[in-house]
Structures are given as structure tokens and as C-alpha cells.
Amino acid sequence: QVQLVESGGGLVQPGGSLRLSCAASGSIVSINTMAWYRQAPGKERELVATITSGSSTNYADSVKGRFTISRDNAQNTMYLQMNSLKPEDTAVYYCNADVRRPDYSNTWFRYWGQGTQVTVSS
């Protein structure tokens, strides 16, 4: 089985910074695209940023210039550096990853983490 575990969330004042981590573990042959999503209360889950295995990145317009996605392929870990945080960034942040497992070598499976709360408030 494969698990994704997020960490690094918390309470921060507007203008502050946080760094989220997403660690993948288990029966993993390789990981393709990884992504961060977020869901605010009463809203649909939205894509924040994606990163491919070759580290090509893509960002939602709302976070461009403030957030940076990165990954460490050797550690199967992805990060989200969040700077200049705004109250509207408050949400539960989820990571996902497209994983190839040894028991199904021709199939990519998408796994999700359990989420980490980010609250931006004074």
C-alpha cells in the first residue's frame, strides 16, 4: 500500500510564511506528477500547484509569485513554500501523487493525503 502524509500546517499571521511537506511511503516504483490542492470551508477543492517528475511546475493564478512547489525524488517528498500569506489562503491543504506500484507495473494510481490545516489570521 501507499501512504501520503502532509505536515507543516498551522496558524500564521497575514504576510507570514509556512512550508508544507508531503511524504510518500510504501510500495512505490516511481512517482509521476504530484500536486497540492486546497479546500476552504463551503468551497470546492481547488488545484494550487503541480510538479512533474522532471520538476516542471504549474500554479493557480491566485498563488503565482507567492507559493513555490518543489520535490525531492530521492526522498519521495514534495514541498510547498507559501509566502505572503493572505486570509483567503486559509484552507485544508491536500497533496496527491500518481504512483506506479510493483504489483501493477503498467498502471498509475492516484493517492491522496489526509490534509493539513492552514489558517491565516491576525
Side-chain angles (χ1 to χ4, degrees):
Q1 192 53 281
V2 174
Q3 288 187 323
L4 269 63
V5 178
E6 300 102 334
S7 61
L11 173 64
V12 64
Q13 292 186 342
S17 298
L18 282 175
R19 189 191 194 210
L20 305 184
S21 298
C22 171
S25 62
S27 299
I28 297 171
V29 173
S30 60
I31 300 177
N32 195 3
T33 299
M34 303 181 78
W36 288 100
Y37 283 74
R38 67 186 181 185
Q39 188 167 19
K43 294 188 176 182
E44 294 187 354
R45 190 173 295 189
E46 64 174 356
L47 178 65
V48 175
T50 63
I51 185 166
T52 67
S53 57
S55 293
S56 294
T57 60
N58 190 44
Y59 296 92
D61 288 342
S62 58
V63 306
K64 280 181 182 177
R66 300 188 299 120
F67 291 9
T68 302
I69 190 172
S70 61
R71 64 190 284 175
D72 181 337
N73 290 331
Q75 298 295 324
N76 288 336
T77 301
M78 173 178 63
Y79 305 96
L80 186 68
Q81 178 67 43
M82 305 186 295
N83 298 330
S84 302
L85 282 161
K86 304 175 181 180
E88 50 264 44
D89 294 317
T90 295
V92 178
Y93 284 71
Y94 300 89
C95 65
N96 75 28
D98 293 333
V99 175
R100 180 167 283 167
R101 294 170 11 192
D103 50 343
Y104 292 93
S105 59
N106 294 322
T107 304
W108 293 97
F109 294 90
R110 177 160 294 180
Y111 292 91
W112 288 85
Q114 82 289 348
T116 185
Q117 176 71 47
V118 172
T119 302
V120 184
S121 175
S122 55

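- Under 4.0 Å is where a charged nitrogen must lie from a carboxylate oxygen, and between K86 and D89 no such pair does.
- Geometric assessment of R45 against the ring of Y94 yields a positive cation-pi assignment under the 6.0 Å and 45° thresholds.
- The number of heavy atoms from other shown groups lying within 6.0 Å of CD (E88) is above 12.
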Item to check | Worked verdict on C95 versus M34 for side-chain contact (heavy atoms from CB on, under 4.5 Å) | outcome: CA-CA 7 Å; C95 65; M34 303 181 78; over 6 Å; no

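- In the model, T33 has no side-chain atom that pairs as donor or acceptor with a side-chain atom of D98 under 3.5 Å.
- In this structure, the side chain of T90 does not engage the main chain of T119 through any donor-acceptor pair within 3.5 Å.
- Nearest heavy atoms, Q117 versus A91: NE2-O, 3.4 Å.
- Using a distance-only test at 3.5 Å, with no hydrogens or angles considered, no donor-acceptor pair links the side chain of S105 to the main chain of P102.
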Next on the checklist: ring pair (Phe, Tyr, Trp, His ring centres under 6.0 Å) for Y93 and Y37? Distances and angles first, verdict last.
Outcome noted: CA-CA 6 Å; Y93 284 71; Y37 283 74; over 10 Å; no

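- Annotation: cation-pi pair R100/F109 absent, no NZ/CZ under 6.0 Å from the ring centroid and within 45° of its normal.
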Next on the checklist: Working note: Q1 + Y111, criterion side-chain contact (heavy atoms from CB on, under 4.5 Å); need CA distance, chi angles, decisive distance, verdict.
Outcome noted: CA-CA 10 Å; Q1 192 53 281; Y111 292 91; 3.3 Å; yes

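- The closest donor-acceptor contact from the side chain of S122 to the backbone of Q13 lies at 3.5 Å or more, if one exists at all.
- Geometrically, R101 does not engage W108 in a cation-pi contact defined by less than 6.0 Å to the ring centre and at most 45° from the axis.
- For the pairing with R38, the side-chain contact (heavy atoms from CB on, under 4.5 Å) check across V118, V63, V92 returns one residue only, V63.
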Next on the checklist: Using the rule given for side chain to side chain donor-acceptor pair (under 3.5 Å), can you reason through T77 versus D72, listing the C-alpha separation, both sets of side-chain angles and the distance that settles it, and then say yes or no?
Outcome noted: CA-CA 5 Å; T77 301; D72 181 337; over 6 Å; no

Next on the checklist: For Y59 and T68: C-alpha separation, side-chain torsions, deciding distance, then whether side-chain contact (heavy atoms from CB on, under 4.5 Å) applies.
Outcome noted: CA-CA 9 Å; Y59 296 92; T68 302; 3.9 Å; yes

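- With E6 contributing its side chain and Q114 its backbone, the two residues share a donor-acceptor pair below 3.5 Å.
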